Amino acid sequence: MAGGLWLAVFPYAFLGREKSDRKGVRFVLTASAAEMATFGNSWMLAMMSTFPEALVRPFAWRYLKPQDMPDGTARFAPYGLRKIESVLVEAYGEDSVAVVHPYNLEKFVGADTEAVLVSTMDPLGLAYVSTTYNPLIGFGGEALNRTEFVRLMRHRVFEKWRVKKVVGGFGVWQIRDAGLQEKLGIDLLVAGECEEWIVPILEKMRSGQPLPKYIRTVKLKEFTRVPLIRHAAGFGAVEITRGCGRRCQFCSPDFRTKYDFPLQHIMSEVEVNVRNGCDSAFLVTEDIFLYGSDARFNPNPSRLKQLLGAIAGHKGVSEIAISHASLVPVLVAPDLLDEITPLIIDKSHYRKGGKRFVGVDVGIESGSVRLMKRYMNGKAYPLRIEDWPEIVVQGTGVFNDHLWYPMYTFILGLPGETEEDVLATLELFDRLKGSVVFYVPLLFVPLEEAILRSAARSSLERVSELHWEFLLGCWDRNLRTWAEDINPIVRLASFFALPYMRHIHGAGITRSLVRFIGLPLVKPARSASWKRCEPDYCAQKGRTTLERYLQ
Ligand code: SF4
């Protein structure tokens, strides 16, 4: 019996020694524990790492622990890190690369390690959700994402072995803008798509040639060289499309060339995830309806059916989730959801009242035609942006009729936003009453690659009574629609928090919070205006002021 057990574990014991000897692996890839975590395969739950550490760590700690393969490498890792792993394995060989959980770094970094490559989406908690909700909550410390990232940057292996620290991913702009690159000891920040550039960068670094501290890569044009992932990505992520093309000015994915990955490529990655222990498929796309679409954004139902049918038909996949979608295609192709919903609904990740539904993130952004025209003219294409509020109302109806219950994001504080713009958003919100939607209002953040990258970031300090009405109105409706069981507890807690909230956010929150609590004492605040950007703040950040956008 004991001999049989030894035979069973022997290959793993051997592998463990091979990958993690004291000399270290040449290239070690990792991410912060918060970004490596798979949160029980729920990317919705993963959002908790954007909230204050003191509030979420009691729930998150169990997800932050390493999930290892027998050789000590990570069982799951962010999809982008898996892509870089594949590129490096092709260039340097399997033994030169290890993707590991940050708590295991010491086992893999050693004298032979040339660089530790770190991937990050939100290193300092400065992305949309953290920017909006952490100041709103007002206590609990830094975002968990931030504390775990800083912890990783200060890991003793960097000091001990003097290895290069290279950080890439969507979130690197946060480190540069916060001026923390040097303080965190980061040798190189790499922004943008890396598949084509990471090997030349590492070679240059190795040969001692001078490199800038911050590299922005040129966007990828030749996708046939994008390798397949070799091991499982967190959540069973698999990239369906890249880029978009609708040209929204606040958006960074739009900068990427629009590309549909071939079905065979996608299915091979689904297979990799399944084979490595992940039975879900999380379809990563800026808009699922872009898959196979033409240059006028008309969807391609037959290609979509082929794609979704193949993934849902894979016997190793028991759950499917789609990251993003848009509204217009379901109006220009009225039969689209009739055709594709039956393919995926039985494997959909989401349930409401025990019944499965298709959940998907859709960017609505604003109810103001003026702002949509100015910054997101292509959002409605091939329909007219002038009809945006009507498109949203009609599209929501089509979604709900087919058991698609979307998560709608709205952006408050876009440059040049006026009182009329916020009122238009509130009006649209009123028209959506009765729909099954999860609302996520967010404050505007100028993203690195976006056209509006130089605009001033909005902040809770400058929100008006109207904004509070929308912010709290959204959460009021979310509680009623999605969490009726905890609704009374949240209202009661908000009642006791009222003086504190008033203290940190000012009198502007009072009326909306009183209504949120459910005290029918006040009318909604439908008159206020967005305060202008603080010149000091803009100057300090080296950003232009709102006035530039008001010309
Ligand atoms: S539609 Fe979405 S992904 Fe496309 S450019 Fe606009 S915000 Fe970006």
Side-chain angles (χ1 to χ4, degrees), residues 238-248 251 253-254 257-263 266-267 281-313 320-350 356-365 367 369 372 376-409 428 431-432 435-437:
V238 50
E239 198 172 16
I240 305 298
T241 66
R242 195 177 290 188
C244 170
R246 289 191 184 271
R247 310 292 295 148
C248 299
C251 171
D254 187 56
T257 306
K258 194 259 179 187
Y259 182 73
D260 301 340
F261 285 91
L263 183 59
I266 293 168
M267 292 311 296
F282 180 50
L283 315 192
V284 179
T285 171
E286 301 312 329
D287 172 5
I288 189 68
F289 303 128
L290 285 175
Y291 186 76
S293 65
D294 64 19
R296 288 174 53 82
F297 298 98
N298 287 304
N300 186 331
S302 72
R303 289 272 308 275
L304 276 166
K305 273 164 60 182
Q306 202 186 6
L307 169 77
L308 297 173
I311 296 173
I320 295 175
I322 299 169
S323 68
H324 294 84
S326 64
L327 275 171
V328 174
V330 304
L331 295 176
V332 298
D335 297 335
L336 182 61
L337 295 190
D338 282 332
E339 295 185 50
I340 64 172
T341 308
L343 297 173
I344 50 173
I345 191 83
D346 291 339
K347 287 196 174 181
S348 182
H349 174 73
Y350 304 99
R356 288 191 197 255
F357 70 92
V358 180
V360 74
D361 182 355
V362 180
I364 302 300
E365 327 309 0
V369 169
M372 295 303 292
M376 292 160 258
N377 208 8
K379 253 256 201 242
Y381 200 74
L383 304 181
R384 288 163 14 106
I385 197 68
E386 287 79 2
D387 298 325
W388 183 243
E390 191 58 27
I391 289 169
V392 175
V393 173
Q394 296 301 327
T396 307
V398 176
F399 268 154
N400 280 186
D401 287 348
H402 292 84
L403 296 177
W404 286 54
Y405 300 155
M407 178 168 92
Y408 281 170
T409 50
L428 174 60
R431 292 184 68 192
L432 291 171
S435 306
V436 187
V437 168

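Residue indices begin at 1 and follow the sequence shown. What you see is a predicted model; the values in this text were computed from it and never measured.
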Just by modelled atom types, is the [Y] backbone N or O under 3.5 Å from a matching donor or acceptor in the [X] side chain?
X: Arg242; Y: Tyr259; result: no
X: Lys347; Y: Ala312; result: yes
X: Ser293; Y: Leu290; result: yes

Please give me the minimum heavy-atom distance between [X] and [Y], naming the atom from each residue.
X: Val392; Y: Leu327; result: CA-CD1, 3.6 Å
X: Glu286; Y: Cys244; result: CB-CB, 4.3 Å
X: Phe289; Y: Ala325; result: CE1-CB, 3.8 Å
X: Ser348; Y: Arg356; result: O-NH1, 2.6 Å
X: Gly359; Y: Tyr350; result: N-CD1, 3.4 Å

Report the residues that fulfil side chain to side chain contact (heavy atoms under 4.5 Å, CB included) with [X], sequence neighbours left out, ordered by chain and then residue number.
X: Ser323; answer: Phe282, Thr285
X: Leu343; answer: Lys305, Leu308
X: His349; answer: Ser42, Glu319, Ala321
X: Tyr381; answer: Arg246, Arg296, Phe297

Test of understanding: with side chain to side chain donor-acceptor pair (under 3.5 Å), list the residues that count as partners of [X], not counting sequence neighbours.
X: Lys258; value: Asp260
X: Tyr291; value: none
X: Thr341; value: Trp404
X: Asp338; value: His402

Could you check if a side-chain atom of [X] sits within less than 4.5 angstrom of a side-chain atom of [Y], using non-hydrogen atoms only?
X: Asp294; Y: Asn300; result: no
X: Val437; Y: Val362; result: no
X: Asp287; Y: Thr241; result: no

Nearest-0.5 Å distance, [atom1] of residue [X] to [atom2] of residue [Y]:
X: Ile364; Y: Ser326; atom1: CD1; atom2: OG; result: 9.5 Å
X: Thr396; Y: Leu428; atom1: OG1; atom2: CG; result: 7.5 Å
X: Ile288; Y: Leu283; atom1: CD1; atom2: CG; result: 5.0 Å

Pairs where [range] contributes a residue and the test salt bridge (charged side-chain N to carboxylate O under 4.0 Å, His left out) is met, not counting sequence neighbours:
range: residues 377-398; answer: Glu365-Lys379, Lys373-Glu386, Arg384-Asp387, Glu390-Arg431
range: residues 397-407; answer: none
range: residues 323-334; answer: none

Please output the side-chain donor-acceptor pairs of residues 329-337 that fall under 3.5 Å, not counting sequence neighbours, one pair per line with the distance.
none

So among Ile340, Leu403, Ile344, Ile320, which one has a side chain to side chain contact (heavy atoms under 4.5 Å, CB included) with Val358?
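The option that passes is Ile344.
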